[in-house]
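See below for the structure under consideration.
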Amino acid sequence: MQSPQPLSVLNTSQKESVFVGGVLFDLDLFWWKGWVKLSAQDIEKTENEIPDIVKLGQIRILKHSAFKNFEIIENKTRPIVDKYSYPFMISTVRFVPFSVLPDLITELQVLKEAFYTFVEGFSFFYQDNQTDFLNQYPWLKDRLKDKYPHSSLVKGRFYFGWTLFEMSIPRDIKATIINEVEGEKLQAAWQAGQAEINNKLDRWVDGVGGLMRKEITLICKNMKDTLDAGKIVRQSTLERARDNIVRLRSMNFIGDNQVDSLLDDLEQQMPSNFDREIPEIMSAFNRTLGTVMNESKDLSDVSEFTGQYKRKFIL
C-alpha cells in the first residue's frame, strides 16, 4: 500500500488544481431582530450609577412574531449552503464545486425572493407592529418610542446575497509600493507562510473526503437502523437517499474513486417501492448497507486529483 503523500511535496500546478473544481462562496444574510441597546435610564438609573463591571444589554422593541418569517428563511438557507458546499480553510467562506453551483444558486434564488417579499411586508406593517407593541407595554411607552429606527431606514437592516471568489496560490509577492528592506521582510514572511498553506490544503482535502464518507455512512445508518428495528423503510426515505447519491456524486470534485464506488453499490442495491415489502430483498439490502458503511473507511485513491496523494480515512 502506498504511503500518503502530503500536498507539500506536490508541484505548484497540482496544488492550484485544488481550486479548479469550484469557487469560494460567501453567504451574506442578515436581518434586524428588533433589539436596541439598553440605557441606564431604561432601568431607572443614571450613567454614574452603573459600575464599570456591568455592561447593559439589549431590549426588544417589537414582538418576536414580527420576525418569524426571516428566522424561517435563515433556518432553511444555511443548511442548503452546507448541503452543496464544504468548509474551507478560510472560516468565513465555503467551497462549492462547479458541478453543484447551479443547483445551489437556483435554491437560494427562491429563498431570496421570499426574503425580500417578507421585507416588503415587514416595512408595510412596521408602524402597526410598533403601535401594537407599545400598547402591550404601556408603562414602557415613553422610554421606547424614541428607540425605533425611522421607517425609511428599516429596509437597510435586511439583506440576502452572496459573493463568489476564484482563488489561486500566489507564486510571489507582487507589491511594488514598499521599499527594499520591507520587501525582503514581506517576502520572507510570505515564504514562511507557504508551508502552512500546504499543511492546510493537505488537511482540507482530507476533510472533503471524510465529509463525503460521513454522509454516505449516515445515509446507510438511518436505513439500517430502521431495518434492524424490524420496520419498513419509507419510500420517501429511499427517494431522499437517491437524491443524495446524485448530489454526492456531483460534489466529488476531488475524483475520489472510492466514493464513486460506494455510491454505485448503494444505488444499484436500492430497492424499489415494491421490493421494500419483500423480506429477502430488504435483508440483502441491509447487508449492503453494512458493507458500504465498513468500506467507507477504506483507503481512498484521489491521485487523479492530487498527483500521488492517497489517504486512509478514519471516521
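These figures come from a predicted structure and were not determined experimentally. Hydrogens, waters and symmetry mates play no part in the numbers below; they use all other heavy atoms, side chains included. Quick note: residue numbers are just sequence positions, from 1.
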>> With ring pair (Phe, Tyr, Trp, His ring centres under 6.0 Å) as the criterion, how do F88 and W204 come out once you've worked through the C-alpha distance, each side chain's angles and the decisive distance to 0.1 Å?
In response: CA-CA 7 Å; F88 194 63; W204 182 63; 5.0 Å; yes
>> Once rounded to the nearest 0.5 Å, what's the spacing between atom OH of Y126 and atom CG of L153?
In response: 8.5 Å
With a 4.5 Å cut-off on side-chain heavy-atom distances among I, L, V, M, F, W and Y, is there a chain of contacts connecting [X] to [Y]?
{"X": "I90", "Y": "V205", "value": "yes"}
{"X": "L29", "Y": "V110", "value": "no"}
{"X": "F125", "Y": "V119", "value": "no"}
{"X": "I80", "Y": "Y159", "value": "yes"}
{"X": "I61", "Y": "Y137", "value": "yes"}

>> Assess the residue pair I254 and M212 against the criterion (side-chain contact (heavy atoms from CB on, under 4.5 Å)); give the C-alpha distance rounded to whole Å, side-chain angles, the decisive distance to 0.1 Å, and a yes or no.
In response: CA-CA 11 Å; I254 62 174; M212 284 190 290; 4.0 Å; yes
Regarding [X] and [Y], is there a side-chain donor-to-acceptor distance under 3.5 Å anywhere?
{"X": "R78", "Y": "N75", "value": "no"}
{"X": "Q235", "Y": "E239", "value": "yes"}
{"X": "S272", "Y": "D275", "value": "yes"}
{"X": "T217", "Y": "R213", "value": "no"}

> What are the two closest non-hydrogen atoms of F30 and D28, and how far apart are they?
Replying inline: CD2-OD1, 3.7 Å
>> Going by ring pair (Phe, Tyr, Trp, His ring centres under 6.0 Å), F95 matches just one of F25, Y86, F253. Which one?
In response: F253
Taking the side chain as every heavy atom from C-beta outward, state whether [X] and [Y] have any pair of such atoms under 4.5 Å apart.
{"X": "N222", "Y": "T226", "value": "no"}
{"X": "P87", "Y": "L211", "value": "yes"}
{"X": "E74", "Y": "F115", "value": "no"}
{"X": "D265", "Y": "E295", "value": "yes"}
{"X": "N286", "Y": "M223", "value": "no"}
{"X": "I245", "Y": "M270", "value": "yes"}

Where the side chain of [X] meets the backbone of [Y], is there a donor-acceptor pair that is under 3.5 Å apart?
{"X": "S85", "Y": "V96", "answer": "no"}
{"X": "S283", "Y": "P279", "answer": "no"}
{"X": "R276", "Y": "V233", "answer": "yes"}

>> Applying side chain to side chain donor-acceptor pair (under 3.5 Å) to T291 and R287, what does each step give before you reach the verdict?
In response: CA-CA 6 Å; T291 300; R287 291 193 294 273; over 6 Å; no
>> Whether K112 engages the ring of W162 as a cation-pi pair (distance to the six-membered ring centre under 6.0 angstrom, angle to the ring normal within 45°) should be assessed.
In response: yes
> Centre of W31's six-membered ring, under 6.0 Å away, within 45 degrees of the axis: is that where NZ or CZ of K33 sits?
Replying inline: yes
> What do the steps show when you test D103 against R247 for salt bridge (Lys or Arg N to Asp or Glu O under 4.0 Å), and what is the final call?
Replying inline: CA-CA 10 Å; D103 295 328; R247 177 176 55 83; over 6 Å; no
> D128 and T131: side chain to side chain donor-acceptor pair (under 3.5 Å), yes or no, with the steps?
Replying inline: CA-CA 5 Å; D128 291 341; T131 301; 5.6 Å; no
> More than 12 non-hydrogen atoms from neighbouring residues, nucleotides or ligands closer than 6.0 Å to CD on Q136, yes or no?
Replying inline: yes
>> Tell me whether the count of non-hydrogen atoms from other residues, nucleotides or ligands lying under 6.0 Å of CZ in R234 goes above 12.
In response: no
>> Set out, in order, the CA-CA distance, both residues' side-chain angles and the distance that settles salt bridge (Lys or Arg N to Asp or Glu O under 4.0 Å) for E267 and R249, then state yes or no.
In response: CA-CA 11 Å; E267 186 174 42; R249 205 184 293 280; 3.1 Å; yes
>> Evaluate L144 against F133 for side-chain contact (heavy atoms from CB on, under 4.5 Å), listing each step before the verdict.
In response: CA-CA 10 Å; L144 296 182; F133 187 84; 3.8 Å; yes
> Would you call the rings of F67 and F70 parallel, tilted or perpendicular, where under 30° means parallel and over 60° means perpendicular?
Replying inline: tilted
>> Under the criterion side-chain contact (heavy atoms from CB on, under 4.5 Å), I'd like the reasoning laid out for V246 against L263: C-alpha separation, chi angles, the key distance, then a yes or no.
In response: CA-CA 9 Å; V246 173; L263 294 174; over 6 Å; no
>> I'd like to know whether R94 forms a salt bridge (Lys or Arg N to Asp or Glu O under 4.0 Å) with D82, so could you lay out the CA-CA distance, the side-chain angles of the two residues, the decisive distance to 0.1 Å, and finally the verdict.
In response: CA-CA 8 Å; R94 308 275 298 186; D82 291 348; 3.5 Å; yes
>> Apply ring pair (Phe, Tyr, Trp, His ring centres under 6.0 Å) to residues F118 and F122 and explain how you reach the verdict.
In response: CA-CA 6 Å; F118 293 142; F122 182 88; over 10 Å; no
>> If the threshold is 4.0 Å, N to carboxylate O, is there a salt bridge linking E120 and K155?
In response: yes
